[in-house]
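Okay, so here's the structure we're looking at.
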Amino acid sequence: MERVWIEDIGRYADRDVEIRGWLFNKRSSGKVRFLVVRDGTGFLQVVMVKGEVPDEVFNLYDELTYEDAIIVRGKVKREKRAPGGYELLLKDLVIHSKSLDTFPIPKVRPENIPDVGKLFRFRHLWIRSRKQWSILRIRDEVERAIQDFFAARGFRRFDPPIFTPASVEGTTTLFPVPYFDEGEVYLTQSGQLYLEAGAMALGKVYSFGPTFRAEKSRTRRHLTEFWMVEPEVAWATLEDIMDLAEELVVYITERVLENRRMELEILNRDVAKLEAVKRPFPRITYDEAARILLEEKEKGRDIDFTYGEDFGSDEETVISERYDRPVMITHYPRAIKPFYMKPDPKDPSKVLCVDVIAPEGYGEIIGGSQREDDYEELLRRIREEGLPEDEYSWYLDLRKYGSVPHSGFGLGIERTVAWLSGASHVREVIPFARTPERIRP
RNA sequence: GGGUCCGUAGCUCAACAGGCAGAGCACCCGGCUGUUAACCGGGGGGUUGCAGGUUCGAGUCCUGCCGGGCCCGCCA
């Protein structure tokens with residue numbers, strides 16, 4: 001008998017197959033009994049009818065409890081009444097391994113959902129639930145879509161180091177790690193500086209990996225360990241990477257809509273909101289965004305914003321509410337952005353940068369800029385910020401030997417997945433979240 | 001770093017103003033030939049987060065500790 005995965009069950013109608021998985025749920029009306037089996041690739045209803053299976057198999061139903069590892073064999077049937085459209089008519093059942101204790105997470109009754117703290121203590125088991133399973137499958141689709149996107153455009157993947165001697169931006173708090181005679185080095189907060197070197201060597205590059213921030217941020221948008229995708233392109237201007245960012249976000253969204261419909265349905269995600277994500281995205285400047293906030297304030301909304309400062313999360317939400325798709329905000333004041341961004345030649349008080357704000361209050365998913373490519377100007381900025389010049393000498397070399405305009409951005413995987421899946425917190429969209437107060441499991 | 005809220009059964013929650021710690025789900029037993037969060041009947045299950053205090057009497061009031069939630073800042 002062929003052993004198959006539930007994901008592929010549609011190809012085996014009217015054939016005998018074997019499924020290996022776990023008991024997700026069971027129901028009975030006496031002589032007809034139903035199992036819901038999950039095998040990691042999907043969920044499948046299994047039916048057993050008294051008299052049509054041997055009694056010793058039929059009676060095994062009574063022994064089954066949640067998450068027993070089981071092997072079921074039977075005939076695949078198209079069946080309207082079954083969730084998913086297919087079910088398995090049971091012929092044989094093997095209990096491979098019993099659950100030794102009551103499963104700590106009730107999976108059937110929504111009103112029984114434990115509070116978030118308990119769920120995260122059982123994260124290793126929680127990921128077996130329908131919703132978490134769906135979210136992690138959407139994450140996988142997003143990650144693969146990203147790599148397909150860059151591969152199709154001739155980008156080379158370029159992996160920057162995780163151990164770094166100094167802060168990229170000189171501001172954020174980093175995780176120190178002892179490193180031989182070197183004393184302390186830090187876990188990377190961005191591969192950007194290294195990617196700029198990569199772009200000068202390989203033209204179009206991107207990185208895809210974990211990033212670390214030691215800030216004790218306790219919000220639905222922050223983790224201490226999160227994943228970022230960072231493309232960097234030689235000879236590219238701000239406009240070039242804005243087009244790239246827009247295409248990337250549209251492509252990711254399309255792929256999820258195309259390949260993860262069922263998961264979005266399980267999550268009750270409003271698909272229409274994602275279908276609206278098409279080019280072009282609205283593009284406004286910092287000044288225009290500030291004007292929007294002023295207008296909303298005059299309409300009586302509670303907005304605490306001073307011109308010249310960065311937008312807080314409430315302000316981002318107010319701005320994003322005006323549009324049905326992500327909004328790109330450009331030309332922020334130089335004072336609130338890092339040293340490596342290139343000032344706008346038309347207005348040197350602003351920099352050539354872009355933030356992409358996701359709809360529905362999910363906040364900034366992309367931050368990018370055109371980089372300062374002038375040696376003297378960059379050196380001046382490093383000194384102005386009081387950064388250790390020695391540590392940046394290699395970075396300055398990139399401007400010394402054939403400097404060209406170049407631009408790039410970083411996209412936060414968790415914020416993007418949280419937005420697409422409608423998750424309430426980024427810690428739900430990574431298998432094992434790391435936050436200031438949680439390092440286990 | 002700041003603000004705020006909460007710890008009662010494996011899980012979600014009750015317990016009026018301080019007076020015998022209870023219900024639903026899960027688990028165990030019984031019933032039901034198409035269930036969809038199945039349903040119906042019965043049963044077992046508690047260091048009320050921990051340590052003190054007030055009181056005839058504390059889940060409830062007071063103090064300390066521990067654990068957790070939510071929001072803001074910083075950012076992706």
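These numbers were taken from a predicted model, which means no experiment stands behind them. So you know, we letter chains A, B, ... as the sequences are listed, proteins then strands, and number each from 1. Every heavy atom of this structure was used, including side-chain atoms; hydrogens, water molecules and symmetry mates were not.
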With rounding to the closest Å, how many angstrom separate the [atom1] atoms on [N] and [M]?
N      : M      : atom1 : result
B:rG67 : B:rG59 : P     : 24 Å
B:rG57 : B:rA17 : C1'   : 15 Å
B:rG64 : B:rG22 : C1'   : 31 Å

May I ask which nucleotide in the shown strands pairs with [N], Watson-Crick or G-U wobble, both distances under 3.5 Å?
N      : value
B:rA15 : none
B:rC70 : B:rG3
B:rG59 : none

Euclidean distance, atom [atom1] of residue [X] to atom [atom2] of [N] [Å, nearest integer]:
X      : N      : atom1 : atom2 : result
A:L248 : B:rA76 : CG    : C1'   : 14 Å
A:I413 : B:rC75 : CD1   : C1'   : 16 Å
A:L174 : B:rC74 : CG    : P     : 17 Å

Compare side-chain N and O positions of [X] against OP1 and OP2 of [N] and report whether any pair is under 4.0 Å apart.
X      : N      : answer
A:S313 : B:rC72 : yes
A:R221 : B:rC75 : no
A:R427 : B:rG69 : yes

Protein and nucleotides 30-32 of chain B: nitrogen or oxygen contacts under 3.5 angstrom:
unit_1, atom_1, unit_2, atom_2, d
B:rC32, N3, A:G30, N, 3.2
B:rC32, N4, A:S28, OG, 3.4

Could you tell me if A:Q147 and A:E143 have a donor-acceptor pair between their side chains, going purely by distance under 3.5 Å?
no
Please list, pair by pair, any protein nitrogen or oxygen found under 3.5 Å from a nitrogen or oxygen in nucleotides 5-11 of chain B.
unit_1, atom_1, unit_2, atom_2, d
B:rG10, O2', A:P104, O, 3.4
B:rC11, O2', A:N112, O, 2.4
B:rC11, O2, A:N112, ND2, 3.3

